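Right, one structure below, let's go through it.
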2 protein chains.
Amino acid sequence: MFSKACEYGIKASIFIAINSYESKLVSPKEIAKEIDSPQAFTAKILQALVKHDIVNSIKGAYGGFEIDKNKIAKVKLAQIVNAIDGDAIYNGCGLGLHKCDEAHPCPVHDKFKSVREELKFMLENTSLEELALNIKSGASFLKV
Amino acid sequence: MFSKACEYGIKASIFIAINSYESKLVSPKEIAKEIDSPQAFTAKILQALVKHDIVNSIKGAYGGFEIDKNKIAKVKLAQIVNAIDGDAIYNGCGLGLHKCDEAHPCPVHDKFKSVREELKFMLENTSLEELALNIKSGASFLKV
DNA sequence: TATAAATAGGATAAAATTATCCGAATTAAA
DNA sequence: TTTAATTCGGATAATTTTATCCTATTTATA
Ligand code: FES
Ligand code: FES
């Protein structure tokens, strides 16, 4: 469904959010440990999230990553997915035609439409905040 | 969403089905041209579909690929996807945890569940027949 | 039986994704 | 101002996916 990079990006964002609530910066090392991902690769993904203005990086000694507290509720999954995988998953053609076009549909277009729209809706309406709160409360998990 | 191999596999199956209605065998060359895919790679995918008993191959001179006429309505998209990509797309965890487990859910589990179930339902209830008929009638297209 | 047309399948190559490594740049604190 | 901790970013490597090539095998027909 999503690329590994995107999976890591989502999980990393959630972990950063949790710590940002407590004004705590986290490092790629901590993140990788917590979400069970390769550290250097995770660092690269963090760079992408920083470039897309989803995550904030503080360079130098005692630095690390954070997300603005007042942004956590506003950041939606769709932004993260878009930053890493692009929008093909919910805007592209399911069978790889150059574009998904109502006027020139692929064989699965009508069947897929609702699935993809539900996915899109879900991604656009799920905030980092709710995902982070569920982790905090122990209702969901970032690894294993 | 799906791998290239799977996209080709689905489109190839539809094209074979259309021709099988007219008892016409088709070659990887014709298929690749019709679905705009690399021929040799397509041939490999056909081998997989044959092994999974979705497509029938007739070897030797005047041979080619076909699908049993009385099977076309019974073959569901899910079988093709499963044969090529496996079931991870609708049974695996959306964030890559080892398995999707109600008792140990990832942060997006509840949100994803319905999307994935709709996808699964769609794949399990869409037959090659209806896809082939829509191509035949000109309501949908296999390429561009 | 010989021939030609076709699928099967192994070997290889190219491209994309995933992953690692290391030095440069940055910055807080001693 | 020096040091140490840390992100940034380029180079490289490993793995997986996608794609190509070539030969072997199969089989209908002449
Ligand atoms: S054209 Fe293929 S999904 Fe719309
Ligand atoms: S545990 Fe991740 S989708 Fe179910």
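These numbers come from a predicted model, not from an experiment. Below, chain A is the first sequence line, B the second, and so on; all start at residue 1.
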For this session: May I ask you to decide if the ring planes of F141(B) and H104(A) are parallel, tilted or perpendicular, using 30° and 60° as cut-offs?
Result: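 Plane angle under 30°, so parallel.
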Spacing of [X] atom [atom1] relative to [N] atom [atom2], expressed in whole Å:
X      : N       : atom1 : atom2 : result
D36(B) : dT18(D) : CG    : C1'   : 15 Å
L25(A) : dA28(C) : CG    : C1'   : 12 Å
I84(A) : dT18(C) : CD1   : P     : 11 Å
F2(B)  : dT17(D) : CZ    : P     : 16 Å
K29(B) : dC21(D) : NZ    : P     : 14 Å

For Y90(B) together with F121(B), are the ring centres under 6.0 Å from each other?
no
Connected to I58(A), directly or through other members, by ILVMFWY side-chain contacts below 4.5 Å are L25(A)
Per the under-4.0 Å heavy-atom filter, residues of residues 39-70 of chain A near DNA chain D come out as K44(A), Q47(A), S57(A), I58(A), K59(A), G60(A), A61(A), Y62(A), G63(A), G64(A), F65(A)
Item to check | D36(B)-Y8(B) side chain donor-acceptor pair, cut-off 3.5 Å | outcome: no
Quiz question: by atom type and distance under 3.5 Å, do the side chains of S23(B) and K69(B) form a donor-acceptor pair?
yes
| query | When you check the gap from the basic side-chain N to the acidic O, do D53(A) and K71(A) get nearer than 4.0 Å? | reply |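 Between K71(A) and D53(A) there is a salt bridge, with a charged N closer than 4.0 Å to a carboxylate O.
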Quick check on dT18(C): is either OP1 or OP2 less than 4.0 Å from any side-chain nitrogen or oxygen of Y8(A)?
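Y8(A) to dT18(C) OP1/OP2: no side-chain N or O under 4.0 Å.
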